[in-house]
There are 2 protein chains.
Amino acid sequence: MTTTSPQGRTELLRPDGSPVRVLVVDDELSITELLSMALRYEGWQIRSAGDGQGALQTAREFRPDAVVLDMMLPDMDGLTVLGRLRRELPDVPVLFLTAKDAVEDRIAGLTAGGDDYVTKPFSLEEVVARLRGLIRRSGAADRRSDSVLVVGDLTLDEDSHEVYRGGDSIHLTATEFELLRFLMRNPRRVLSKAQILDRVWSYDFGGQANVVELYISYLRRKIDAGREPMIHTRRGAGYLIKPAVPAVP
Amino acid sequence: MTTTSPQGRTELLRPDGSPVRVLVVDDELSITELLSMALRYEGWQIRSAGDGQGALQTAREFRPDAVVLDMMLPDMDGLTVLGRLRRELPDVPVLFLTAKDAVEDRIAGLTAGGDDYVTKPFSLEEVVARLRGLIRRSGAADRRSDSVLVVGDLTLDEDSHEVYRGGDSIHLTATEFELLRFLMRNPRRVLSKAQILDRVWSYDFGGQANVVELYISYLRRKIDAGREPMIHTRRGAGYLIKPAVPAVP
DNA sequence: CGCTTGTCTGTGATTTCCCTGAGAAACACA
DNA sequence: TGTGTTTCTCAGGGAAATCACAGACAAGCG
């Protein structure tokens, strides 16, 4: 089931209307806290654990709809945790966290059952998007929720990564796509450059803050060029997206 | 009966609308878990057993629509299991798992009854495809579901292994065929290289991830050469197939 | 009206990712 | 056993994406 909050954001809910439950497992406290905060902001109920033991224990009583699982845990192998987790909750989808340079065979086979993974350092938008996809496909949430975002005549399909403005297909790069998705998931709301940086870029990004301006400018060229603009600047505050008002000639 | 899920994937269902039931029998836990995960993702209901005794017991009460049966079991010969299984469930189709170097003529006789087999190490696409075929032909699922995949002017027949683009017959190697089948079973959806590797290559494949790129390039030569392309790269995300949009001159 | 501050965008360096040719190894079949 | 086919590794080339930098531009304020 999906519902629309007063702020206009669309939330995933379970069929009975209660919030989606997610278990986050990582030994780095900074990561679990970062994720917990971001996922709570999605309106989900979050529990976290710092090792395999705690993960299994929490899973038993919390009965989450999805699990975020770091493959590098202090007490047991990620695959062992996965196996035992599967015995408790056979159908729960898992989003694995792996180091970018991890040996590939450690993650081999993990997507076979419909699970997914992201590599560290990740961006929060990426984690949230993949979790939403897993939950949507697992049937824990209402099947009616689909993968298409719409703002005015602009549509973005999260499965096919296709973007259309009016009838025109628009090709976006990975970063442009994530930025637009973040804007479109928060229509008519001003998002500061800091917020955007925190959600769309990886948590260890150490660059200049003006990449956001740069990518907003890329997006405008592709989406607003020669049309009524949908992306607006609020000087000193940030950016927002909203349906275009047709020009009155 | 077949039904189409929100994601556009087609699921096999029994005539009464309930999910197909499959029993997986293998003594290696990693194999039963891998298969269970993959087959659950197909929307099927799965039970597993680790030996002949357990298999027969589970079969009696679970009454599966199909059985995946390893020929090498610790407690009894695969043929013995098969015989007793047949006494319980005379019409259930069986997919045998055999080692690659096993004597093949023992299997050859068995598949005469409509059963089928795959050799270890297998790819999940292969197992799923053969199971779908067995279930379809056994009549446990609605007969209307046929074996031809269609995306735009591209058709792929899972029974005859024939592929046509427009009017032209296209010869594919085994791997190319499986890759294309996987793409066509998930049209308009971006599939990552990891997903493709996990489904199309055997579970023990330890090679370079760029075989996927290589085989995509082979497929393009055969399918897209001199035509409007149907296979698209989403840089940093994966590949997807969709009907070609005719070029507007 | 000019100044300050914040925003936009052209240029180019660097990195990352993808494609594909060449050839070796494994396999299938006669 | 020999021959043609298929699978896969390796590596070079090339295209695309990302980002820093800096100057142009615009908004708001005194």
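Just so you know, these numbers come straight off a predicted model, no measurement behind them. In what follows, chains are A, B, ... by sequence order, proteins preceding strands, each numbered from 1.
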After noting the C-alpha distance and the side-chain angles of A/F177 and A/H161, does the key distance pass the ring pair (Phe, Tyr, Trp, His ring centres under 6.0 Å) rule? CA-CA 8 Å; A/F177 182 83; A/H161 281 218; 4.4 Å; yes

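- If one axis is set at each end of the helix from C/dC1-D/dG30 to C/dA30-D/dT1 from five pairs, those axes are 30° apart, to 10°.
- Applying the side-chain contact (heavy atoms from CB on, under 4.5 Å) rule to B/E28 yields the partners B/D26, B/S30, B/I31, B/K120; only residues at least two apart in sequence or on another chain are considered.
- Taking the ring-ring contact (aromatic ring centres under 6.0 Å, His included) definition, one finds that B/Y203 meets it with B/F122, sequence neighbours left out.
- Distances shorter than 4.0 Å separate none of the side-chain N or O atoms of A/Y239 from OP1 or OP2 on C/dG6.
- Remark: B/K193 is not in phosphate contact with C/dC17, judged by side-chain N or O atoms under 4.0 Å from OP1 or OP2.
- In this entry the distance linking NE2 of B/H232 with P of C/dC18 reads 16 Å, nearest Å.
- Taking the salt bridge (Lys or Arg N to Asp or Glu O under 4.0 Å) definition, one finds that A/R221 meets it with nothing, sequence neighbours left out.
- Under the side-chain contact (heavy atoms from CB on, under 4.5 Å) criterion, A/V148 pairs with A/D146, A/V150, A/T155, A/D157, not counting sequence neighbours.
- Side-chain contact check for A/E162 and A/S169: no donor-acceptor pair (N or O, by modelled atom type) lies under 3.5 Å.
- Position along DNA chain D of the nearest nucleotide to A/R235 versus A/L172 favours A/L172 as the more 5'-ward residue.
- Without hydrogens or angle criteria, B/D224 side chain to B/P229 main chain gives no donor-acceptor distance under 3.5 Å.
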What are the atom names and distances for every N/O pair under 3.5 Å that joins the protein to nucleotides 24-30 of chain C?
none

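- Along DNA chain D, the stretch of nucleotides lying under 4.0 Å from any heavy atom of chain B spans, 5' to 3', D/dT6 to D/dA17.
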Steps toward salt bridge (charged side-chain N to carboxylate O under 4.0 Å, His left out) verdict (A/E42, A/R199): CA-CA 12 Å; A/E42 293 296 308; A/R199 298 282 305 205; 3.4 Å; yes

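- Scanning for salt bridge (Lys or Arg N to Asp or Glu O under 4.0 Å) contacts around A/K193 gives A/E213, with sequence neighbours left out.
- For A/D153, the side-chain hydrogen bond (donor to acceptor under 3.5 Å, both in side chains) partners are A/R165, not counting sequence neighbours.
- With sequence neighbours excluded, the residues that form a side-chain contact (heavy atoms from CB on, under 4.5 Å) with B/V67 are B/L23, B/V25, B/P64, B/L69, B/L85, B/V92, B/V94.
- B/F205 comes within 4.0 angstrom of the backbone, heavy atoms only, and of no base.
- Taken residue by residue, residues 208-220 of chain A places heavy atoms nearer than 4.0 Å to DNA chain D at A/Q208, A/N210, A/V211, A/L214, A/Y215, A/Y218.
- In terms of the ring-ring contact (aromatic ring centres under 6.0 Å, His included) criterion, residue partners of A/Y218 (sequence neighbours excluded) are, by chain and number, A/Y215.
- Counting only N and O atoms by type, the side chains of A/T233 and A/R220 include a donor and acceptor under 3.5 Å apart.
- To the nearest angstrom, C1' of C/dC8 lies 17 Å from NZ of A/K222.
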